[in-house]
Peer 1: 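Before I ask anything, let me first share the structure, which is written out below as structure tokens.
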Amino acid sequence: SKTQTVVLTPAEEDASYSITGYVQNTNGVNGSTSSTIMARTTTAPPSSAPTSLTFSSVTTQSLILSWTDIDQLDYNGIFQNFVVTYQSATSGLVTKMQRAPSLMASSLSFGKEYTFTVAVVSSGGTGPFARANVTTTQDTPGKPTVMTSATATSVTVDVKMTITRFFPAQYCVTFTRTSVSGV
């Protein structure tokens, strides 16, 4: 008894086949036909990725991502949805399913770079992902609510200020001489 593997090509996607076989000797005489087995090919996943990923209305906490869908012939099955993922270096991965080629992402952090990916999902599976990066905007710092001169020496003035919001940036103070006493 010997097992022989035969690959039948080309087969069509998402098609049913009935398969029989027989053995032929060196004189060209055929043996009996085997029993019939059934096989069904699968549907391939989408063969291309969405294009033209574009960000608009980017703010400190939200944005809109839009893209161009793939050609319907590249679905390789029945369209189900788009899968969109995004994350920053410090946030967890977010996954969204969309029927339309756009997404409004919210609850983002200001001033962070995010990586977005988009793929088509069809009855054949998930296609290749397109990727794009975007950085959310920085918020405008609030005005210091109180500035007071704490101490002064002959050449320095220590200034204390209360900031209504914390920003991981530098603080700037300008000063102008208004008078010099004793001159």
Side-chain angles (χ1 to χ4, degrees), residues 9-16 40-150 157-177:
T9 59
E12 292 181 33
E13 286 185 30
D14 199 25
S16 295
R40 182 169 185 84
T41 56
T42 60
T43 301
S47 53
S48 61
T51 58
S52 304
L53 276 64
T54 305
F55 298 99
S56 60
S57 302
V58 178
T59 70
T60 58
Q61 296 182 331
S62 66
L63 57 82
I64 296 172
L65 169 63
S66 57
W67 56 90
T68 301
D69 192 3
I70 66 174
D71 187 287
Q72 289 185 2
L73 294 175
D74 291 341
Y75 286 164
N76 297 332
I78 299 168
F79 173 81
Q80 293 179 344
N81 56 46
F82 297 100
V83 60
V84 181
T85 68
Y86 59 93
Q87 74 180 87
S88 72
T90 58
S91 69
L93 182 68
V94 176
T95 302
K96 303 277 187 178
M97 301 299 187
Q98 295 292 115
R99 295 282 297 165
S102 67
L103 168 81
M104 171 141 185
S106 58
S107 300
L108 305 175
S109 297
F110 69 88
K112 296 283 185 187
E113 181 179 45
Y114 286 85
T115 298
F116 282 77
T117 64
V118 182
V120 173
V121 179
S122 74
S123 55
T126 302
F129 282 86
R131 176 183 308 266
N133 294 337
V134 65
T135 301
T136 54
T137 59
Q138 291 273 351
D139 203 359
T140 304
K143 176 177 134 180
T145 56
V146 178
M147 292 193 74
T148 59
S149 174
V157 176
D158 286 342
V159 176
K160 290 185 180 180
M161 58 182 157
T162 303
I163 309 291
T164 56
R165 301 171 98 175
F166 172 75
F167 294 91
Q170 62 186 358
Y171 298 101
C172 301
V173 176
T174 61
F175 62 99
T176 306
R177 183 179 73 183

Peer 1: Is the number of heavy atoms from other residues, nucleotides or ligands under 6.0 Å of Glu113 CD greater than 12?
Peer 2: yes
Peer 1: Quick one: which of Ser47, Ser122, Pro46, Pro128 gives a side-chain contact (heavy atoms from CB on, under 4.5 Å) with Ile70?
Peer 2: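 Running side-chain contact (heavy atoms from CB on, under 4.5 Å) over Ser47, Ser122, Pro46, Pro128 with Ile70 returns exactly one hit, Pro46.
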Peer 1: Less than 3.5 Å apart, which donor and acceptor atoms pair up between the side chains of residues 82-93 and the rest of the protein, not counting sequence neighbours?
Peer 2:
residue: Thr85; atom: OG1; partner: Thr117; partner atom: OG1; Å: 2.3
residue: Ser88; atom: OG; partner: Thr90; partner atom: N; Å: 3.2
residue: Ser88; atom: OG; partner: Thr90; partner atom: OG1; Å: 3.4
residue: Ser88; atom: OG; partner: Ser91; partner atom: N; Å: 3.2
residue: Ser88; atom: OG; partner: Ser91; partner atom: OG; Å: 3.1
residue: Ser91; atom: OG; partner: Ser88; partner atom: N; Å: 2.8

Peer 1: Mind checking the CD-CG spacing from Gln98 to Leu103? Nearest 0.5 Å is all I need.
Peer 2: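 It is 4.5 Å, given to the nearest 0.5 Å.
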Peer 1: Atom OG of Ser48 and atom OH of Tyr75: how far apart are they, to the nearest 0.5 Å?
Peer 2: 9.5 Å
Peer 1: Donor-acceptor pair, distance only, cut-off 3.5 Å: does the side chain of Thr41 make one with the backbone of Ala15?
Peer 2: yes
Peer 1: I need the full list of side chain to side chain donor-acceptor pair (under 3.5 Å) pairs touching residues 126-136, with sequence neighbours left out, sorted by first then second residue.
Peer 2: Thr115-Asn133
Peer 1: Of all residues at least two apart in sequence or in a different chain, which pass the salt bridge (charged side-chain N to carboxylate O under 4.0 Å, His left out) check with Arg99?
Peer 2: none
Peer 1: For residues Trp67 and Pro50, report the shortest heavy-atom separation together with the two atoms involved.
Peer 2: CD1-CB, 3.7 Å
Peer 1: Got a second to check how far Leu63's CG is from Ser56's OG, nearest 0.5 Å?
Peer 2: 8.0 Å
Peer 1: Is there a donor-acceptor pair under 3.5 Å between the side chain of Ser123 and the backbone N or O of Ile78?
Peer 2: yes
Peer 1: Please examine the side chains of Tyr114 and Leu65, heavy atoms only from C-beta on, and report whether any two atoms are closer than 4.5 Å.
Peer 2: no
Peer 1: Could you measure the distance from the CD1 atom of Ile64 to the CZ atom of Phe55? Nearest 0.5 Å is fine.
Peer 2: 12.0 Å
Peer 1: Kindly give the heavy-atom pair with the smallest separation between Gly111 and Gln138, and that separation in Å.
Peer 2: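 Smallest interatomic distance, heavy atoms only, reads CA-NE2, 3.7 Å.
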